[in-house]
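First up is the structure itself, then whatever we jot down about it.
Just so you know, these numbers come straight off a predicted model, no measurement behind them.
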Amino acid sequence: MKNDSTITFLNFVLAALLLLSVGFAILTIWQSHQMTIVGIQAQQVNLSMQRLNGLINDSTAYNATAHNPDLAHVLQLAAQPTKPAGR
């Protein structure tokens, strides 16, 4: 087989594509690992929000029978929408 400039150029292109493929594979693996971590954190936040909503609902039901003005004030503050924290 004759080793001319076209074969040499194509070998360099093949090597570059191989290195890019390995780089993208590593990047994909790293990003999927990060997405797994973010998914777990999102599940924990959702569970905490469900518990908080349950606590607010239970407190509202209790306050309907006990009529505590301090608890009513706290529940009113909890029901108001808040602005998201700026970065």
Side-chain angles (χ1 to χ4, degrees):
M1 186 162 103
K2 197 175 183 183
N3 191 4
D4 59 354
S5 60
T6 305
I7 302 269
T8 305
F9 173 73
L10 289 177
N11 282 334
F12 281 123
V13 169
L14 182 63
L17 289 174
L18 178 69
L19 290 175
L20 284 173
S21 297
V22 170
F24 284 131
I26 291 172
L27 184 63
T28 301
I29 291 169
W30 183 74
Q31 285 180 347
S32 66
H33 176 69
Q34 292 296 323
M35 290 304 293
T36 302
I37 292 172
V38 169
I40 292 170
Q41 290 173 345
Q43 287 176 349
Q44 290 172 347
V45 168
N46 285 336
L47 181 62
S48 297
M49 289 299 294
Q50 288 176 353
R51 288 179 182 169
L52 180 61
N53 285 334
L55 178 63
I56 289 173
N57 291 337
D58 290 345
S59 299
T60 304
Y62 171 76
N63 195 36
T65 59
H67 302 295
N68 186 339
D70 294 331
L71 183 59
H73 179 69
V74 170
L75 290 173
Q76 181 183 11
L77 292 176
Q80 292 176 354
T82 59
K83 294 181 182 177
R87 289 187 176 214

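Proximity of a side-chain donor or acceptor of N68 to a complementary backbone N or O of N63 within less than 3.5 Å is not detected.
In the hydrophobic clustering (ILVMFWY side chains linked at under 4.5 Å, chained through shared members), L17 is joined by F9, L10, V13.
The only option from M49, Q44, R51, Q43 that meets the side-chain contact (heavy atoms from CB on, under 4.5 Å) definition with L47 turns out to be R51.
Interatomic distance, H73 NE2 to L71 CG, rounded to the nearest 0.5 Å: 11.0 Å. Distance check: T60 OG1 to N53 CG gives 10.0 Å after rounding to the nearest 0.5 Å.
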Run I29 and H33 through side-chain contact (heavy atoms from CB on, under 4.5 Å) and show every step you take. CA-CA 6 Å; I29 291 169; H33 176 69; 5.7 Å; no
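Residues Y62 and L75 share a single hydrophobic cluster, defined by chaining ILVMFWY side chains whose heavy atoms lie under 4.5 Å apart. Linking ILVMFWY residues whenever their side-chain heavy atoms come closer than 4.5 Å, directly or via other members, leaves I56 and V74 in distinct clusters.
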